[in-house]
Enquirer: 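What follows is a single structure, and I will ask about it in a moment.
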Amino acid sequence: MKKILSIGFLALIATSFTCMYAIAQQCNAFTKKKCLPVLKPFQHNGQLNSVALSPGESAALEMTFYADTDYRLAVCNDERLGDVSYRVLRRDSSVVFDSRKFGNPKSWDFSMNSTQQYLVEVNVPKSKNMTSIEEVGCVSVLAGYKKN
């Protein structure tokens, strides 16, 4: 009986990892197809940052932006998630940019005078759909640059 339970448990774990891997691959494909074009004419920094989120969830990503460089920060998401908002924060938690104040644009262009690390926080709105099945969708954060 213990062997049967152990095999079942291992099968459950293997299935979970397979599902997570599949979702990660879908998010990477989504990012490459739907999000990378938003960066043009900026040069992509080479980092694909994507995560699968459900309504009401949020995620944060620390990013370094270098001096004497123009940037485009792009946040795109699966349409099922609605209007995803994002904020850019300094290390002291002061807000540099809040997309909600500008109608949630999919990108924000800015220039850096000195090298700094910012925290990019994305928020998926709570679902208005009252079904028991939560939608999961990809949210991607990308940075493009141009040297001054």
Side-chain angles (χ1 to χ4, degrees), residues 9-148:
F9 183 70
L10 289 174
L12 179 65
I13 290 174
T15 302
S16 296
F17 283 126
T18 302
C19 289
M20 287 188 296
Y21 179 75
I23 290 170
Q25 292 305 314
Q26 284 179 333
C27 283
N28 281 343
F30 170 83
T31 301
K32 289 175 184 175
K33 184 177 179 182
K34 298 284 186 179
C35 305
L36 282 176
V38 176
L39 291 178
K40 292 190 188 240
F42 289 75
Q43 177 70 36
H44 179 232
N45 71 354
Q47 296 179 355
L48 293 178
N49 305 299
S50 61
V51 64
L53 295 174
S54 296
E57 290 186 323
S58 63
L61 172 68
E62 193 169 286
M63 300 180 82
T64 303
F65 297 98
Y66 298 96
D68 303 320
T69 307
D70 294 330
Y71 284 97
R72 173 168 289 166
L73 182 68
V75 176
C76 64
N77 60 278
D78 190 321
E79 292 176 5
R80 294 178 294 188
L81 296 177
D83 254 348
V84 171
S85 63
Y86 60 100
R87 296 187 320 159
V88 179
L89 306 147
R90 289 188 184 92
R91 289 186 151 224
D92 66 0
S93 297
S94 61
V95 178
V96 176
F97 181 80
D98 186 339
S99 70
R100 290 173 287 202
K101 293 182 179 178
F102 299 95
N104 287 328
K106 296 299 176 194
S107 66
W108 174 53
D109 294 352
F110 60 101
S111 297
M112 296 301 295
N113 295 326
S114 62
T115 299
Q116 295 185 48
Q117 285 190 317
Y118 286 156
L119 186 68
V120 180
E121 176 186 271
V122 295
N123 296 291
V124 178
K126 290 183 179 176
S127 177
K128 294 175 185 164
N129 185 359
M130 300 305 281
T131 65
S132 61
I133 299 173
E134 287 289 327
E135 292 286 336
V136 174
C138 296
V139 178
S140 301
V141 177
L142 299 174
Y145 66 93
K146 284 196 257 183
K147 277 297 210 188
N148 289 340

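Computed over heavy atoms, backbone and side chain alike; hydrogens, waters and symmetry mates excluded. Residue numbers run from 1 in the order of the sequence given. Note that the coordinates shown come from a computational prediction; the quantities given were computed from them, not determined experimentally.
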Enquirer: Please find the pair of heavy atoms, one from Pro55 and one from Val124, that lie closest to each other, and give the distance.
Expert: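 Taking Pro55 first and Val124 second, the nearest heavy atoms are CA-CG1, 3.6 Å.
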
Enquirer: Return yes when atom CD of Gln117 has more than 12 non-hydrogen atoms of other residues, nucleotides or ligands closer than 6.0 Å, and no otherwise.
Expert: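 Enclosed.
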
Enquirer: How close do Ala67 and Asn113 get, heavy atom to heavy atom, and via which atoms?
Expert: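 Closest heavy-atom pair between Ala67 and Asn113: CB-O, 3.6 Å.
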
Enquirer: Checking the side chain of Thr31 only, and the main-chain atoms of Ala29 only, is there a donor and an acceptor separated by less than 3.5 Å?
Expert: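 Side chain of Thr31 to backbone of Ala29, a donor-acceptor pair under 3.5 Å: no, none is there.
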
Enquirer: Spell out, as yes or no, whether a donor-acceptor pair under 3.5 Å connects the side chain of Ser54 to the backbone of Val136.
Expert: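 A pair under 3.5 Å: no.
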
Enquirer: Can Glu57 and Val51 be said to form a side-chain contact (heavy atoms from CB on, under 4.5 Å), step by step?
Expert: CA-CA 11 Å; Glu57 290 186 323; Val51 64; over 6 Å; no

Enquirer: Grab the two heavy atoms, one from Pro41 and one from Lys146, that are nearest each other, plus how far apart they are.
Expert: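 Smallest interatomic distance, heavy atoms only, reads CG-NZ, 4.2 Å.
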
Enquirer: Apply the side-chain contact (heavy atoms from CB on, under 4.5 Å) test between Tyr86 and each candidate in Val122, Asp98, Asn77; give the one that qualifies.
Expert: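 By the side-chain contact (heavy atoms from CB on, under 4.5 Å) criterion, Tyr86 pairs with just one of Val122, Asp98, Asn77: Val122.
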
Enquirer: Minimum heavy-atom separation for Val38 and Ser107, please, with both atom names.
Expert: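 Nearest heavy atoms, Val38 then Ser107: CG1-CB, 4.1 Å.
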
Enquirer: For residues Ala59 and Leu53, report the shortest heavy-atom separation together with the two atoms involved.
Expert: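 Looking at all heavy atoms of both residues, the closest pair is CB-CD1, 4.2 Å.
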
Enquirer: In terms of heavy-atom contacts, does CZ of Phe110 have more than 12 from other residues, nucleotides or ligands at under 6.0 Å?
Expert: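 Yes, because the 6.0 Å sphere around CZ of Phe110 holds more than 12 heavy atoms from other groups.
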
Enquirer: Drop me the distance from Tyr145's OH to Tyr71's OH, to the nearest 0.5 angstrom.
Expert: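 Rounded to the nearest 0.5 Å, the OH-OH separation comes to 8.5 Å.
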
Enquirer: Please round to the nearest 0.5 Å and tell me the distance separating atom SG of Cys35 and atom NZ of Lys33.
Expert: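 Spacing of SG (Cys35) from NZ (Lys33) equals 11.5 Å.
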
Enquirer: How long is the span from the CG atom in Leu142 to the CZ atom in Phe42, to the nearest 0.5 Å?
Expert: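 It is 13.5 Å, given to the nearest 0.5 Å.
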
Enquirer: For the residue pair Ser50 and Asn28, what are the closest heavy atoms and their distance?
Expert: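 Answer, listing the atom of Ser50 first, then Asn28: OG-OD1, 3.5 Å.
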
Enquirer: Answer yes if the ring centres of Tyr118 and Phe97 are under 6.0 angstrom apart, and no otherwise.
Expert: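 Ring centroids of Tyr118 and Phe97 are no less than 6.0 Å from each other.
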
Enquirer: Show your working on salt bridge (Lys or Arg N to Asp or Glu O under 4.0 Å) between Asp92 and Arg90 and close with a plain yes or no.
Expert: CA-CA 5 Å; Asp92 66 0; Arg90 289 188 184 92; 5.4 Å; no

Enquirer: Answer whether the closest heavy-atom distance between the side chains of Trp108 and Val120 falls below 4.5 Å.
Expert: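 Not touching, per the 4.5 Å side-chain cut-off.
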
Enquirer: When rounded to the nearest 0.5 angstrom, what is the spacing between OG in Ser93 and CZ in Arg87?
Expert: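 Going from the OG atom of Ser93 to the CZ atom of Arg87 covers 8.5 Å.
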
Enquirer: To the nearest 0.5 Å, what is the distance between CG on Leu61 and CD on Glu121?
Expert: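 Leu61 CG to Glu121 CD: 11.5 Å, rounded to 0.5 Å.
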
Enquirer: For Asp109, enumerate each residue passing the salt bridge (charged side-chain N to carboxylate O under 4.0 Å, His left out) test, keeping only those at least two apart in sequence or located in another chain.
Expert: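 Expected list: Arg72.
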
Enquirer: Please list all pairs meeting side-chain hydrogen bond (donor to acceptor under 3.5 Å, both in side chains) that have one or both residues in residues 38-49, counting only residues at least two apart or in different chains.
Expert: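 Qualifying pairs: none.
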
Enquirer: Are there over 12 heavy-atom neighbours, none belonging to Lys34, within less than 6.0 Å of that residue's NZ?
Expert: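 Counting neighbours around NZ of Lys34, 12 or fewer heavy atoms of other residues, nucleotides or ligands fall under 6.0 Å, so no.
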
Enquirer: How long is the gap from CZ on Phe30 to CG on Leu36, to the nearest 0.5 Å?
Expert: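 If I round to the nearest 0.5 Å, the distance is 11.0 Å.
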
